[in-house]
Amino acid sequence: MLDNLSLIFDYTLIHATIRASTPILFAALAAIITQQADILNIGTEGIMLFGAFTAVTVSYFTGSWILALIMSMVVGLIIAAIMGFAHLKYKADIMVVGMAINMLALALTRFLLNEFLNTSGSFYSDQIIAFPKLKFDFLSKNPVINSLFNNYSLFEIVGIIMVVVLWYILYKTVWGLRLRSVGLFPMAAETAGINVYKRKFEVMLYSGLLGGLAGAHLSLGYSNLFAENMTNGRGFMGVAAMFFGGGNPILSWIGCLIFGLTDSIGSRLQSYGLPSQFILMIPYIATVAILAISLARKLRSEEKMKSSL
Amino acid sequence: GCSGKTEEANTSQENGQAKESGEPIKVALVLAGFLGDKSFNDSAYEGIKKAQEDFNLEVKVMESKVPSDWESNLVAMAAADYDIVIGVSTQLQDIIKKHASEFSDVKFGIIDAVVDEPNVMSATFAQNEGSFLAGAAAAMFTQKTDIPNVNSEKIIGWVGGMDIPVLHDFLVGYKQGAKHIDPEMKILTSFAGTFNDPLKGKELTLAQYSQGADIVMNVASNTGNGILEAAKETGNYAIGVDLNQDNVYPGSILTSMLKRVDRASYLMVESIAKDSFKGGEVVNMDISNGGVGLTDMSVMKEALGDKFPQDILDKIKELTEEVKSGEIEVESYPGFEKK
Amino acid sequence: MTKNQYLNTLFTIIISLLVGGVVIIFMGFNPIEAYIQLFKGAFAGKFNFGGTLERFVPLLLTALAFAVSAKVAVFNVGVEGELYLGAIAAAWAGYSIVGLPKGVHIIICIGFAMVVGSLWAAIPGLLKAYYKVNEVCTTILLNYVAIFFTSYLVNNPLSAKTGVPQTPNMESTALLSKILKPSRANTGLFIAIAVLILVYWLVQHTTIGYKLRSVGLNPNYSDYMGFNAKRTMVIGMMMSGAIGGLAGAIEVMGIYGHFLDNFSPGIAFDGMLASLIARNNIKMIPVLALFLAVLKSGALGMERFTGVPKSLVDAIIAMFILLAAMEGLFMIKKWKKNKSSKIDAAKADI
Amino acid sequence: MAAKLVEMNGINKSFPNVKAIDNGKFDLYPGEIHSLIGENGAGKSTMMKILYGMYAPDSGTIKVKGNVLEELNPKQAINYGIGMVHQEFMLVKELTVLENIILGFEPQKNNRIDFAKAREKIQYYIESYGLEIQPNKKVIDISVGEAQRVEIIKTLYRGADILILDEPTAVLTPQETVKLFEILNSLKNDGKSIVFISHKLNEVMEISDRITVMRHGEYIDTVNKKDTSIPELAKMMVGRAVFLNIKREAPKIGDTVLSVKNIYVSGEKEISKLRDVSFEVRSGEIVGIAGVDGNGQSGLVEAITGLRGVEKGDILLKGKSIKNLPPLKIRQAGIAHIPEDRNVRGLNRDFSIQENLIGNRLNENPYATWIKMNEKEIGKYAEKLIKDFDIRPSNKDISAKNLSGGNAQKIVVAREVDMHTDLLIAAQPTRGVDIGAIEAIRKTLNQAKEAGTAILLVSADLEEILSLSDRIVVMYEGKITGILQASEATEERVGLLMTGGELDDKKSIS
Ligand SMILES: Nc1ncnc2c1ncn2[C@@H]1O[C@H](COP(=O)(O)OP(=O)(O)OP(=O)(O)O)[C@@H](O)[C@H]1O
Ligand SMILES: Nc1ncnc2c1ncn2[C@@H]1O[C@H](COP(=O)(O)OP(=O)(O)OP(=O)(O)O)[C@@H](O)[C@H]1O
Ligand SMILES: [Mg+2]
Ligand SMILES: [Mg+2]
């Protein structure tokens, strides 16, 4: 078992963790930005699926990943705009809108897969140009360094940068301050002359851009194909991660990493004959447990602060 | 792999042996999943398409992964006067058993299970036998260190979709085949927990590669697309399943374990067209009748050139004979014992 | 509902049908034919109508489960998990206990499913009430755990060992009788309606309901009144879980006769949708649950007997739901007022 | 006199169920303090929200600095120099004081908020008007008085020269009020114009130049301060004469009902942690707890009623310990409690009047049989309370959020007083309610006392404490600094104890 252990916990786990957490991370970022304006965007799942489909299609037909990226973000934007109208202008419950968009995405991408790409189930081809990988020859000499620092997909790195950027924007800029006030207390924002409606709409659009990007990463970065329902709950996991971090990009990222890490460990543990279902549960249980324990500890220390003794 | 527009009912040109009247034979295919899996379901549909070339058919494919839809789809098709309603999955066994007597003038087919009713034809597969060969091939291949990216470690992989009995029937054969070649062979196995998540399949496969496997067998339907992709991306190897997947990523896929579902569905339609349908008949598709087996590895041969290990192919031939003759008895998972 | 709202609903339906029709024409099919098949698929004959009722029951119950948790201000996304666990609990009790009279056996199966569902729901409930752990996060994650767990059970200790991932068939004493054969609609329908009425009465006309609603609306008031907001919140979640478990039990006892691995494709999420469109108003929930059930079974009809591809049918249904949620769409009278009440609306959001 | 800064004429505004303003009228001159008074629900806040662009009037004209304004939103109002401090603070609790102040008007340096510059500017207002605040604290951690000052700085920071203050003193201690008035006067001397809304007529008389009275949404009159008096204003507001000072009979004091023994209770802030607090309340007397808000009174009440844990010491009700029992058990042991904040604890605003009135008798016969609520009996009971306590409107099915503050408070008072318990705890029973309601509530408390109830009254309003209490317990930083008999209590003496001072004559009795 000991030599097995070293096969499970070795340095390749780090790259695997980042790889496994990135799709969820992008979904979480898309959810965070609307949540800061008090909009629970569970349509991320659907937007991602649209994005993934668009990216593959555009990349296949044009051979340009840049164009694919742009188009998938545009599609995300359009879907988000529809959601924004339905929710903000026509007062549809945002959860319903999100779920309807998810259903629509599933059905429509399947339909378009048949119509446009003349296939069903999944679509792959040599003509699909993937997002570039950050490959540096000088790093590839040592296998450890190679695994740790080389061969990242472009958006695995961009994702990490975006966590920091979004954190900065939310907590250090005027825009972020106003956005948070809209989410926390819209009346206060309104009386400060901030147009709450516009602000909410704006972040819906950004969320669409991020969701489109998340989808494109799924189909061109994480893999190089499109499959029906390829998001497979990753958008929902993003929402869960957003709640894990209470809307804070950095804490949410930590949530994603915990999930990614335990998921990767699980993938390796499976090979040793434990019932697969229990292994597959690990990431979910671990995430809940860590969240619960950390909050319980926080509460306990607050209690202590309040004591009069 | 493109299956084109699938849902439309289309008739093809008439062929000699078709029913006298010129009216098309109405065939309904009820799936417990969707087309596009590039394996089991697509394969069943391949057979129907083949039959469409030979006979005058009107075809309806009902897809759904919602269990509560299966029964109502099947009953609706039977009630709508289809000549034959084919259930494509073990999971439809109970449903057909339940309704076959209600629709005594409709004929049913069941693939991958047996229903003993006078108006049902069944087809079963000895996937354990096919997997046995796949396991043997993988076990030999993982020691061919002159092939790029093949390491000296005696580790091979296997990734399945949902952790359900039929996959275990694949798995026992695979393990037995590998151990038959080399008892020290270590077999890493993982289940994705779903047939519908290629990304999860890819992740699991990458994990097995990082643990020393250099060839991984795919038994995961749509999830398997990720398995194959992982092979291509890392320069490692995979084994395809159900359909011939060798060409998906030429040079990355050693062989595919064929499960000739297409042949079964074709046979069922043919029996209607030729009026030879025998109720209660069970077609056992196994190595001996070519119902399961491996591909000829020609794609790999071309990719590897003279590095191609011909001895694997020879050994597979030998093993095939031994299994046929009963010299080797391949184990099966409870519930899948040969009838 | 005022007269205006009815008009609004009517307009929404007409618009949805029109838009869907245009798409169908555009794809080269006959929309009239398609809609006739949709209608037939939902209502024509025992088989189709039964199919609609068969879908209505779990939708109604899971919607109710969601609404009950919403009364205590918990957003229970975990009904799906409770459904699975309830289902497998009922299936187990159904095949492993033998020799009971029918009524008793059914009650035991249902009771066991409800207990299991409520205990499972208590976990996110407790975490939320006592440690302020966000319930949306925990319930999303715990759904996976529940589903994997049932998958383990049905493939290992509780497997029928037949090659299909299912439990052994339940004793006939544990099965609910079918109504409207050959469809699989069953007496679970009456159980569901009884539960609907009971829950409505419980929430609106009893002291328990008063406490539940009170906690959902203002936990501080509840604590001050001595209701113990935290405990009540957990109780509300457990009620929700019990109803979710019941939904699962009726599925296996009425429809399958055994537990089948992964049998629910997200029934509870559709139920949640029904409840959300009804704004968690218990009186409106059966209407919306029926609406969704009709769409679902009608869609099957449309798919079976027209050439319209399933994926397109599904897309049209998603669009129906989206439009149905936009209540403001045809509030013609309100348009003028919109301007003056924008802040009132903002206030109402808080 | 100079030209009018603001002129509002013929204003009408309806909400779904009420006509909030009926032909309303208001004007404002430069450099004046103009008070707006009226009962709860008279339409004062609505009138000012219209001026601030938050509500669009149904009809009427608004003229600001000579411009007729057709459409107005808060942003434009701010541009016209109007600033409003709302009755419910418009502060984002999770943000810092600084962030709240600059929200919407942030100084920037390369896309970053220029906090240094913001701080500098705020410092200017802090110093010029003596507005003490702590910019780096989160709003959730500051006192209401400070929040009030933050709101004022916020409006000044936005360049307001017309300040609307909606009931700014309702939540302030007398000391804080004095300080606020100093600030207002210095603002006025700086040429700013101020609209001041209050229920406290003595304050109005102290600070205003002119006074406008509203009643039931209608404009009644505008008078100069020097031409009027408190009784006259009260009469204009209510439509009849009002008597606040209830004549007091000598108390008929009985047995000890509540005795608090050396308790220690946790608190958010250092000064609100109770340490070693002891006192007694006997039947037939009102014991007033005086103290500056935030010195542990809330903690004390919560500890007695079981809403907060007691860490050390004991609490006895009629000799039996009720320490750390669940709130329900404590209620059943014989304590009724009017909580300090009707909107937080006292009411379920989304419940109907009837549902709110039955909350504490939920499981009692005949209102419930087992778990079934007997709606008929409950309805009868609700109607009785509505009548006895003159709650308006008298429709028991209206939801509580549609009631004016005074009437909402009457629901709480009616529900608790009607329990006829041995001990009644009344925390801030008249905070933010109009003069008519204050009269009614005080009368009710006095009647309960005469009927033999022991009453613990907590109030930040010193005048209220002095006029109702038979004994006064003064708290400072979580400790008792003195207990005085009514006869020996004066505003000065209590005030001194409240700020941590000591009485030299040591005549206090405990
Ligand atoms: N947003 C609103 N929606 C519905 N009704 C409202 C709204 N705001 C105020 N009202 C109603 O309008 C009337 C006037 O309310 P307003 O707040 O202006 O009174 P007020 O004089 O400020 O009273 P108070 O002294 O209690 O603050 C009341 O009957 C109130 O219930
Ligand atoms: N330990 C606690 N347990 C429960 N609630 C608490 C606790 N501490 C504070 N609170 C809540 O926070 C509010 C403010 O707390 P804080 O300690 O500042 O009040 P306080 O200073 O005791 O009362 P006041 O100063 O108003 O007389 C309280 O009303 C109470 O609802
Ligand atoms: Mg090897
Ligand atoms: Mg007001």
Side-chain angles (χ1 to χ4, degrees), chain A residues 3-4 6-8 10-13 15-16 19-20 23 52 110-111 113-115 117-126 130 133 147 151 153 218-219 222-234 260 263-281, chain B residues 1-8 33-39 41-42 45 63 65 155 157-160 162-163 167 186-194 196-213 221-226 228-230 232-234 248-250:
Chain A
D3 58 323
N4 289 347
S6 69
L7 279 178
I8 293 163
D10 74 347
Y11 57 86
T12 58
L13 203 53
H15 191 155
R19 193 175 55 222
R110 177 176 295 150
F111 179 71
L113 191 63
N114 279 322
E115 293 295 315
L117 301 173
N118 278 317
T119 183
S120 56
S122 53
F123 178 76
Y124 39 83
S125 157
D126 284 345
K133 287 214 147 95
S147 160
N151 284 328
S153 175
L218 219 51
S219 63
Y222 192 84
S223 68
N224 196 17
L225 52 81
F226 176 79
E228 282 173 8
N229 190 22
M230 79 186 296
T231 44
N232 237 299
R234 287 179 179 81
D263 194 34
S264 307
I265 292 174
S267 298
R268 287 143 200 256
L269 268 178
Q270 273 226 17
S271 313
Y272 299 97
L274 291 154
S276 69
Q277 293 93 348
F278 283 105
I279 307 275
L280 290 167
M281 274 181 216
Chain B
C2 300
S3 3
K5 276 197 204 174
T6 52
E7 289 87 349
E8 279 171 58
F34 289 99
L35 289 178
D37 60 356
K38 311 280 188 285
S39 56
N41 291 320
D42 278 356
Y45 188 55
E63 304 166 88
K65 69 169 183 106
I155 303 178
W158 186 95
V159 174
M162 278 177 68
D163 190 348
L167 264 62
K186 194 159 153 192
I187 300 117
L188 306 177
T189 61
S190 308
F191 287 93
T194 159
N196 255 309
D197 192 349
L199 306 186
K200 179 85 190 170
K202 183 170 183 181
E203 201 56 50
L204 290 169
T205 310
L206 292 175
Q208 295 198 344
Y209 289 148
S210 79
Q211 288 173 284
S221 187
N222 211 350
T223 298
N225 288 317
L228 305 182
E229 192 184 78
K232 179 201 163 205
E233 195 176 291
T234 56
V248 173
Y249 298 113

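Hydrogens, waters and symmetry mates are skipped; everything else that's a heavy atom, side chains included, is used. Chain A is the first sequence line, chain B the second, and so forth, proteins listed ahead of strands; every chain is numbered from 1.
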* Asked: What are the two closest heavy atoms between B:D197 and A:M230, and how far apart are they?
  -> OD1-O, 4.3 Å
* Does any heavy atom of chain B fall under 4.5 Å from the side chain of A:L280, the backbone, both, or neither of them? -> side chain
* Asked: Within the side chain of A:N232, is there an N or O that forms a donor-acceptor pair under 3.5 Å with the backbone of B:N196?
  -> yes
* Asked: Side chain, backbone, both or neither: which part of B:N222 has a non-hydrogen atom closer than 4.5 Å to chain A?
  -> side chain
* A:Q270: side chain to side chain donor-acceptor pair (under 3.5 Å) partners, not counting sequence neighbours -> none
* For B:K65, which residues count as a side chain to side chain donor-acceptor pair (under 3.5 Å) partner, sequence neighbours excluded? -> none
* Before giving the answer on salt bridge (charged side-chain N to carboxylate O under 4.0 Å, His left out), spell out for A:K133 and B:E233 the whole-Å C-alpha distance, their side-chain angles and the decisive distance to 0.1 Å. => CA-CA 12 Å; A:K133 287 214 147 95; B:E233 195 176 291; 3.3 Å; yes
* Asked: Could you give the distance from OH (B:Y249) to CG (A:N224), rounded to the nearest 0.5 Å?
  -> 6.5 Å
* Side chain, backbone, both or neither: which part of B:A192 has a non-hydrogen atom closer than 4.5 Å to chain A? -> backbone
* If you round to the nearest 0.5 Å, how far is CZ of A:R268 from CG of B:L204? -> 11.0 Å
* Taking the side chain as every heavy atom from C-beta outward, state whether B:F191 and A:Q277 have any atom pair closer than 4.5 Å. => no
* To do: For B:Q211 and A:S267, work out which heavy atoms get closest and say how close.
  => OE1-O, 4.4 Å
* Part of A:L13 within contact of chain B (heavy atom distance under 4.5 Å) -> neither
* **Contact class of B:L206 relative to chain A, heavy atoms under 4.5 angstrom** => side chain
* With the side chain counted from C-beta on, respond yes when A:L225 and B:P198 share a heavy-atom pair under 4.5 Å apart, and no when they do not. => yes
* **Closest non-hydrogen atom pair, B:K202 against A:S223** => NZ-CA, 3.4 Å
* How many angstroms lie between atom CG of B:L35 and atom CD of A:E228, to the nearest 0.5 angstrom? -> 9.0 Å
* Has the side chain of B:K38 got a donor or acceptor atom that lies under 3.5 Å from a matching backbone atom of A:S122? -> yes
